[in-house]
Novice: 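My structure is below; once you've seen it, I'll send some questions.
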Amino acid sequence: VKEVVAVDEASAAEQAAKAGAVKADVEADLAEAMPALASALTALDTLTAKDIGEIKAMGNPPMPVRLVLHSVCIMKGVKAARIKDESGKMVEDFWGPSKIMVSDKDFLKSLQTFDKDSIPASVIKKIGEAFLEHEDFQPDRVAKVSKAAWGICMWVRAMHTYDTVARVVGPKKEALGIAEAELAVVMATLNAKRAELQKVVDALAGLEATLEGLNDEKADLAFQVDLCEKKLIRAEALIESLGGEKGRWGANAVILTGDYINLTGDVIVASGLIAYLGAFTPEFREKEARSWAVTSKEKHIPGSEEFSLAVCLGEPVKIRNWTICGLPNDAFSIENGIVVDKSRRWPLCIDPQGQANKWIKKMEASNKIMVKKFTDGDYMRRLEGAISFGSPFLIENVLEETDPAIEPVLLKQTYTKGSTQMIKIGDSILEWSKNFKLYLTTKMRNPHYLPEVAVKVTLLNFMITQ
């Protein structure tokens, strides 16, 4: 099919070349006549009613003017008038009809829209024989006596030139029409064969795509088989190596089962420790936690034999990060870190050595923590910005009383507006970011906080941490 289409394309290209040659010949012939015609029409465009009026006003016009208007009468088919000459003999006169013709207000328009493709051959012959070679019909001669007559003279000559060329071009146009019609038939046949060829090419492409897909599927299946064989080998090796782990996993399962059972009592003790024991020393905190665990068991609430806040609520990865940031790696400090992390109230750290202060700053450095004191003039404006943008905020060097202005923040007095949490601080209404964190620290060794303060924060004792 492809070879047949190639032969037809060569034949079509040959016929297209022939048609193009004929068309070029026709356009070359027309190029001879069209400039003269365009020039004549341009000359007509320059004429005005005043110019035509000069011709009408001529009582005894010069011979060039008479000849020009006579030729127009011939072109437009205006008949001559019969008058007597000086000897009394009847002769044809075109001046009278010419004056009537140019008196028509649409005279110039009739020349501009003249049907140049339908001029009778007899008229063209008469113009050529009687006027074109006449010495008084030459453009230069006519221009000397009348501008209007010169423009009309150029128009008559252009009509004669156009008709002469058109009679030569006419047969060529017919030949061009036949050639283009034949070319259209050939192209229609060629396009049909091209469409047929395209179908074959598309079908072949589809088969090749199917083949490629099947080959890819075959390669994928081979890869999966190889992968399964390797997985089986690794699984067998893993089963052999994990044979000794069965006992340990069984023991871990027993331990986890016990931890799950003891979870209720441990969470109760952990909640009490976070809520009430943060401000006390390690000894007192441990004594009270042990006492609560005993009481919990007396109430038949299951719990661990040895309670540990780090075991109950601690996250090893998070604790490791705290120690990297400067939190001392002892049980009491880790408990304090867990209380800071899990408490619902903001922490107020009793921190005379400054360890909690350093730990908080380093831990929240990546979150761009802002550090201020109650005595700073812009601390409230900075706090409002931190609340809105969700940044951590540390207020250090707190004394025994807090600024009443931050009470809504300490109590988290938020409300919902639409789908957004809002808080009102003084006269300011702010959007409450869930990422906002507030820390408070004091350097006082033995502060005496009133109950009104203690119930708003979580007091934490960092004083004896080494």
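Heads up: numbering here begins at 1 and tracks the sequence. Computed from a predicted model, the values in this text were never measured in an experiment.
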Novice: For Lys412, does the NZ atom have more than 12 heavy-atom neighbours from other residues, nucleotides or ligands under 6.0 Å away?
Specialist: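 Enclosed.
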Novice: Look only at the side chain of Asp351 and the backbone of Asn357, and say whether a donor-acceptor pair between them is shorter than 3.5 Å.
Specialist: yes
Novice: Is there a side-chain contact between Tyr415 and Ile429 (heavy atoms, below 4.5 Å)?
Specialist: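 With C-beta onward as the side chain, the pair touches.
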Novice: So, Gln421 and Thr414: side-chain donor and acceptor under 3.5 Å apart, yes or no?
Specialist: yes
Novice: Taking side-chain hydrogen bond (donor to acceptor under 3.5 Å, both in side chains) as the test, write out the residues that go with Lys218, two or more places apart.
Specialist: none
Novice: Main chain of Ala275, side chain of Arg345: is a donor-acceptor contact present, judged purely on distance under 3.5 Å?
Specialist: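 Looks like yes, one N/O pair under 3.5 Å.
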Novice: Tell me whether Lys76 at atom NZ has more than 12 heavy atoms from other residues, nucleotides or ligands lying less than 6.0 Å away.
Specialist: yes
Novice: Is Glu286 salt-bridged to Arg290, going by a charged N under 4.0 Å from an acidic O?
Specialist: yes
Novice: Could you tell me if Gln198 and Asp202 have a donor-acceptor pair between their side chains, going purely by distance under 3.5 Å?
Specialist: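 Judged by distance alone, the side chains do pair up.
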Novice: What are the two closest non-hydrogen atoms of Leu277 and Ala289, and how far apart are they?
Specialist: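 Minimum heavy-atom separation between Leu277 and Ala289: CD1-N, 4.3 Å.
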Novice: Got Leu348 and Thr441 here, is their nearest side-chain heavy-atom distance under 4.5 Å?
Specialist: no
Novice: Please tell me if the side chains of Ile350 and Leu460 come closer than 4.5 Å, counting only heavy atoms from C-beta onward.
Specialist: no
Novice: Measure across Leu440 and Leu394 and return the closest heavy-atom pair with its distance rounded to 0.1 Å.
Specialist: N-CD1, 4.3 Å
Novice: Quick test of your reading of the model: are Glu305 and Lys297 salt-bridged, counting only N-O distances below 4.0 Å?
Specialist: yes
Novice: Could you list the residues that satisfy side-chain hydrogen bond (donor to acceptor under 3.5 Å, both in side chains) with Arg285, not counting sequence neighbours?
Specialist: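 By the side-chain hydrogen bond (donor to acceptor under 3.5 Å, both in side chains) rule, Arg285 matches Glu335, Asn336.
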Novice: Within the side chain of Thr295, is there an N or O that forms a donor-acceptor pair under 3.5 Å with the backbone of Ser291?
Specialist: yes
Novice: Indicate every side-chain donor-acceptor pair of residues 445-459 with a distance under 3.5 Å to a residue at least two apart or in another chain.
Specialist:
residue, atom, partner, partner atom, Å
Tyr449, OH, Leu399, O, 3.2
Lys456, NZ, Glu407, OE1, 3.2
Thr458, OG1, Ser343, OG, 2.6

Novice: With no hydrogens and no angle check, is any side-chain donor or acceptor of Asp376 less than 3.5 Å from a backbone partner on Lys373?
Specialist: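 Yes; judged by distance alone, with no hydrogens or angles, the pair exists.
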Novice: Using a 3.5 Å distance criterion without hydrogens, assess whether the side chain of Ser391 forms a donor-acceptor pair with backbone atoms of Ala386.
Specialist: no
Novice: State, without any angle test, whether Glu212 and Asn215 hold a side-chain donor-acceptor pair at a distance under 3.5 Å.
Specialist: no
Novice: Below 4.5 Å, heavy atoms only, C-beta onward: do Pro328 and Gln355 meet side chain to side chain?
Specialist: yes
Novice: Gly314 and Pro316: which non-hydrogen atoms are nearest, and at how many Å?
Specialist: O-CD, 3.9 Å
Novice: So, are Lys361 and Glu396 salt-bridged, with charged N and O less than 4.0 Å apart?
Specialist: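 The answer is yes: the pair qualifies as a salt bridge.
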Novice: May I ask you to decide if Thr420's main-chain N or O and Glu431's side chain share a donor-acceptor pair within less than 3.5 Å?
Specialist: no
Novice: Judged by atom type as modelled, is there a donor-acceptor pair below 3.5 Å linking the side chain of Asp104 to the main-chain atoms of Asp106?
Specialist: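 At least one qualifying donor-acceptor pair exists.
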Novice: List for me each residue that meets ring-ring contact (aromatic ring centres under 6.0 Å, His included) alongside Phe436, sequence neighbours excluded, and say none if there are none.
Specialist: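 Checked Phe436 against ring-ring contact (aromatic ring centres under 6.0 Å, His included); matches are Trp346, Trp432.
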Novice: Using side-chain heavy atoms (C-beta onward) and a distance below 4.5 Å, is Phe462 in contact with Leu327?
Specialist: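 Yes - at least one pair of side-chain heavy atoms lies under 4.5 Å apart.
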Novice: Which is it for Phe332 and Glu283 under the side-chain contact (heavy atoms from CB on, under 4.5 Å) test, yes or no, and what are the steps along the way?
Specialist: CA-CA 10 Å; Phe332 183 67; Glu283 296 79 7; over 6 Å; no
Novice: Any side-chain heavy-atom pair from Val340 and Trp359 closer than 4.5 angstrom?
Specialist: yes
Novice: Side chains of Val72 and Leu111, heavy atoms from C-beta outward: is any pair under 4.5 Å?
Specialist: yes
Novice: Is it true that Phe374 and Tyr379 have ring centroids separated by less than 6.0 Å?
Specialist: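 Yes - the distance between ring centres of Phe374 and Tyr379 falls below the 6.0 Å cut-off.
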Novice: Pairing donors with acceptors under 3.5 angstrom, does anything connect the side chains of Asp266 and Ser304?
Specialist: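 Yes, side-chain donor-acceptor contact under 3.5 Å.
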Novice: Identify whether the distance between the nearest side-chain nitrogen and carboxylate oxygen of Asp378 and Lys372 falls below 4.0 Å.
Specialist: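 A salt bridge links Asp378 with Lys372.
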Novice: Which pair of non-hydrogen atoms, one from Met159 and one from Ile124, has the smallest distance, and what is that distance?
Specialist: O-CD1, 4.4 Å
Novice: Verify the neighbour count for atom CG of Asp115: are there more than 12 heavy atoms of other residues, nucleotides or ligands below 6.0 Å?
Specialist: yes
Novice: Under a 4.5 Å cut-off applied to non-hydrogen side-chain atoms, are Ile334 and Asp330 in contact?
Specialist: no
Novice: Got a sec, which residues hit ring-ring contact (aromatic ring centres under 6.0 Å, His included) with Trp292, two or more places apart in sequence or on another chain?
Specialist: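 If we apply the ring-ring contact (aromatic ring centres under 6.0 Å, His included) test to Trp292, skipping adjacent residues, there are no hits.
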Novice: Mind jotting down which residue pairs meet the side-chain hydrogen bond (donor to acceptor under 3.5 Å, both in side chains) criterion with at least one end in residues 315-326? Sequence neighbours excluded, please.
Specialist: Glu315-Lys342, Lys318-Asp341
